[in-house]
Amino acid sequence: MENIEIAHVLRDVAVLLEIRGANPFRVRAYENAARTIEGHTTPLRKMVDDGANLTELPAVGKDMASHIIELVTAGRLSLLDELAQEIPLTLIELTRLPGVGAKKAKRLWDELGVETIDDLERAASQGDIARLAGFGEKSQQKMLSAIAAYRRRTGRYRLADAEKLVEPLVEHLRGLAGVQRIEVAGSYRRRRETVGDVDLLVIAQEAEQVMERFTSYQGVRHVELAGATKATVVLTWGLQVDLRLLPPESYGAALQYFTGSKEHNVKLRKRAGARGLSISEYGVVRVPEGSDTVDAGPGELVAGQDEADVYAAVGLPWIAPELREDRGEIEAAEGGDLPELITIEDLRGDLQMHSTWSDGKHSIEEMLDGCLERGYEYFAVTDHSKALAMTGGLDAARLREQWEEIAEVAARRQEIRILRGMEVDILADGSLDLEDELLQQLDVVLVSVHSRFDLPAARQTERILRAVAHPAVHVLAHPTGRLINRRDPMDFDVEEVLAGCAEHGVIVEHNAHPERLDLKDTHLMRARELGLRVSLGTDAHRVGDLDLMKYGVDQARRAWLGTEDVVNTYSLERLLKVLRKR
DNA sequence: GCCGTTTTCGGCCCGACTGTTTTCAGTCG
């Protein structure tokens with residue numbers, strides 16, 4: 001069982017305890033433990049195997065430790081089973097609807113017998129919800145639209161979540177002698193923000209052994225099919241993984257084929273057709289003279305072993321998987337205009353992170369050490385402003401105190417430059433949650449929306465436009481406010497806001513946190529077209545989160561961004577010049 | 001349920017918004 005699964009179980013327990021009316025701090029203890037575990041890089045199953053002391057992990061005490069051990073060794077948690085005796089597990093899903101928490105879920109169940117989202121939809125359509133004391137017509141309508149939104153996004157997994165399940169599986173297979181190559185294709189390889197199912201491609205000597213090792217993997221919930229060259233298994237949460245064994249001579253063609261996207265491949269095949277060639281997952285074949293169908297049997301094999309050869313066969317350079325969406329990449333490849341994409345090594349700093357001054361878990365100096373380890377030349381401390389009370393957001397007085405600490409740390413640690421920043425809340429009317437006098441003294445001012453996500457589109461647009469027009473603002477952070485698979489983006493005119501940023505020279509953030517990835521790739525592409533600069537920020541709340549940068553880089557690559565587009569690839573000197581220009 | 005230390009229990013992120021009320025509970029960030 002992987003860390004992310006353990007965390008998931010503990011979160012389920014938290015919800016059930018809350019429904020049961022448990023002490024709220026007990027509930028939070030489970031949530032806190034889940035957060036720790038999810039962000040922990042060493043697999044807990046390894047720690048358990050090694051007999052490590054789990055209570056040394058933050059938020060993990062005696063009880064959590066024994067829960068973890070039980071989950072790792074038995075694959076289940078008796079506490080969860082007990083709770084499930086009392087409360088239908090499906091209520092957990094109910095609480096994922098915005099506006100429905102534990103209390104309401106319990107009442108809906110107690111008073112209307114609602115156990116599932118389907119039940120709730122039925123009750124709401126019949127008007128049963130509005131009749132309940134404390135509920136009304138509006139609540140009922142909100143629930144219906146929440147259900148509709150929820151339905152729109154099920155079935156896909158956030159890339160980072162899928163990765164946490166798939167990477168250990170790939171490692172498991174790699175451990176087998178005779179496995180020569182193994183690669184994940186599909187949208188996973190294209191680094192899409194979410195993936196449906198996962199395609200594994202393998203070259204190996206002993207087919208049977210590979211299949212056996214795959215289907216008997218500890219994370220497999222059940223085996224869908226297991227043939228000689230193809231097997232399908234289902235992991236936790238229904239994530240489906242297909243494995244294909246391939247002969248070396250067609251590995252490149254298969255990699256190309258299964259990486260997709262479908263649209264990209266269609267265009268590529270059309271191009272092949274025009275050249276008397278045919279591309280399939282087995283290779284590129286010259287169509288025999290006089291043959292009128294494209295798949296008219298065996299022709300001369302022109303390419304197949306390497307992916308680059310497949311592209312070369314149709315007169316193109318290799319195209320990075322992140323670009324393969326038929327968004328102009330084939331045309332660009334033809335004209336020699338493929339962008340030089342940003343890589344993780346290009347980054348020289350991180351422009352959004354939090355410290356213990358607000359809701360971060362590590363001190364400024366600890367974050368500094370983390371940034372040094374990642375080879376950065378600079379980083380911005382961007383704690384929250386006071387409007388975000390729950391995070392301990394800073395008011396003017398505390399911000400000044402923070403500056404003293406920054407100055408003190410900076411004086412001692414001159415190997416890296418600390419930028420004095422803040423993530424300032426955009427208030428409902430578009431004004432900023434910090435006095436101008438202080439804004440002007442910051443090296444980098446991020447602004448972002450954390451409240452009133454539901455304003456009518458026109459007002460929301462106006463609100464954000466007003467904020468980016470403020471002369472002290474440098475960066476519009478996580479512009480749409482979406483949380484992937486959890487909260488839809490705010491309703492506003494993205495195009496107008498991007499235009500506003502362009503007008504005022506405001507940088508747009510691409511928030512690298514895998515739950516946000518905000519702006520999303522297509523909006524990021526648009527930003528680039530408009531000549532906007534982009535800042536990649538992890539929004540780290542602990543040192544380990546600094547590694548989330550790779551997800552930001554993935555999406556930046558999908559948006560065709562290169563180093564010129566991304567300000568935190570610039571030298572410190574150049575970055576400061578850009579920031580001062582505002 | 002965890003943490004810290006004050007070795008035995010008290011504190012644990014808090015304020016605003018919403019829809020329903022008519023003074024507030026629930027939810028959210």
Side-chain angles (χ1 to χ4, degrees), chain A residues 9-11 13-37 53-68 77 79-80 83 94-108 110-111 124 129-146 354-361 383-395 398 423-429 433 448-456 459 477-478 481-483 486-488 490 511 513 515-516 518 539 541:
Chain A
V9 173
L10 297 181
R11 283 222 169 80
V13 170
V15 175
L16 292 172
L17 286 172
E18 200 181 357
I19 290 173
R20 198 206 230 177
N23 173 355
F25 294 108
R26 187 180 172 207
V27 173
R28 222 165 65 194
Y30 280 86
E31 287 165 355
N32 291 339
R35 230 187 339 267
T36 296
I37 291 164
N53 180 13
L54 298 174
T55 61
E56 276 170 15
L57 298 170
V60 176
K62 212 167 119 266
D63 286 28
M64 292 301 167
S66 76
H67 290 334
I68 293 166
L77 184 63
L79 172 61
L80 185 68
L83 287 164
L94 233 48
T95 65
R96 304 238 161 86
L97 297 172
V100 182
K103 300 271 166 54
K104 284 189 188 169
K106 181 167 186 340
R107 286 199 52 210
L108 291 166
D110 280 346
E111 295 172 36
I129 307 293
R131 281 195 284 276
L132 287 182
F135 291 74
E137 191 58 41
K138 274 202 173 165
S139 313
Q140 184 163 276
Q141 276 316 311
K142 265 188 139 177
M143 278 180 195
L144 284 171
S145 55
H354 300 263
S355 74
T356 45
W357 281 87
S358 64
D359 58 348
K361 287 284 170 283
D383 278 302
H384 288 290
S385 62
K386 62 182 182 299
L388 223 53
M390 68 160 297
T391 64
L394 309 180
D395 58 13
R398 291 197 61 232
E423 186 184 10
V424 181
D425 254 54
I426 301 175
L427 303 175
D429 64 355
D433 190 31
S448 59
V449 171
H450 292 104
S451 61
R452 304 304 309 270
F453 296 100
D454 59 342
L455 289 181
R459 274 185 64 198
H478 51 73
R482 72 159 177 179
L483 296 174
R486 262 177 48 209
R487 184 174 67 209
D488 285 340
M490 295 186 284
N511 192 294
H513 198 288
E515 286 195 4
R516 291 193 182 270
D518 183 8
D539 211 343
H541 283 70

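Owing to the predicted nature of the structure, the values given are computational and were not obtained by experimental measurement. Numbered from 1 within each chain, the chains take letters A, B, ... in sequence-line order.
- Under the 3.5 Å distance criterion, with hydrogens and angles disregarded, a donor-acceptor pair is assigned to the side chains of Asp539(A) and Asn511(A).
- Both Lys62(A) and Val100(A) lie near DNA chain B, and the one whose nearest nucleotide falls closer to the 5' end is Lys62(A).
- In this structure, Leu132(A) reaches neither bases nor backbone, as no heavy-atom distance under 4.0 Å exists between it and the strands shown.
- Protein chain A touches strand DNA chain B; the 5'-most and 3'-most nucleotides with an atom under 4.0 angstrom of its non-hydrogen atoms are dG1(B) to dG29(B).
- Near DNA chain B, meaning a heavy atom under 4.0 Å from it, residues 21-30 of chain A has Asn23(A), Phe25(A), Arg26(A), Arg28(A), Ala29(A), Tyr30(A) in order of number.
- Within the 4.0 angstrom heavy-atom criterion, only backbone atoms of the sugar-phosphate kind lie near Ala102(A); the bases stay farther away.
- Thr391(A) and Asp359(A) share no donor-acceptor pair across their side chains, judged by distance under 3.5 Å alone.
- Here the separation of dC13(B) from dC3(B), taken at their P atoms, is 13 Å to the nearest Å.
- Checked against side-chain contact (heavy atoms from CB on, under 4.5 Å), Ala389(A) has no partners two or more places apart in sequence or in another chain.
- Comparing dT22(B) with dC14(B), their P atoms are spaced 29 Å from each other, to the whole Å.
- Listed by first then second residue, pairs satisfying side chain to side chain donor-acceptor pair (under 3.5 Å) with a partner in residues 133-144 of chain A number zero, not counting sequence neighbours.
- Counting any heavy atom pair closer than 4.0 Å across all strands shown, Leu17(A) reaches no nucleic acid atom.
- Annotation: cation-pi pair Arg487(A)/Phe453(A) present, NZ/CZ under 6.0 Å from the ring centroid and within 45° of its normal.
- Distance noted for atom C1' between dC12(B) and dC17(B): 24 Å (whole Å).
- Identified under the side chain to side chain donor-acceptor pair (under 3.5 Å) test for residues 55-66 of chain A, with sequence neighbours left out: Asn53(A)-Thr55(A).
- Nearest-nucleotide positions on DNA chain B place His67(A) closer to the 5' end than the other of Ser451(A) and His67(A).
- Residues forming a ring-ring contact (aromatic ring centres under 6.0 Å, His included) with His541(A) (at least two apart in sequence, or on another chain): His354(A).
- Residue contacts for Arg487(A): at a heavy-atom cut-off of 4.0 Å it reaches the sugar-phosphate backbone alone, with no base atom in range.
- Residue contacts shown for Gln140(A) are absent, as no nucleic acid heavy atom lies under 4.0 Å away.
- Using a cutoff of 4.0 Å between basic side-chain nitrogens and carboxylate oxygens, Arg486(A) and Glu515(A) are scored as salt-bridged.
- Annotation: side chain of Leu483(A) is not in contact with side chain of Asp488(A) (no heavy-atom distance under 4.5 Å).
- Taking atom P in both dG1(B) and dT6(B), the straight-line distance is 25 Å, to the nearest Å.
- Searching all strands for a Watson-Crick or G-U wobble partner of dC17(B) with both distances below 3.5 Å returns dG26(B).
- Spacing of C1' atoms, dG11(B) relative to dA16(B), comes out at 24 Å, to the nearest Å.
- Comparing dC9(B) with dG15(B), their C1' atoms sit 28 Å apart, to the nearest whole Å.
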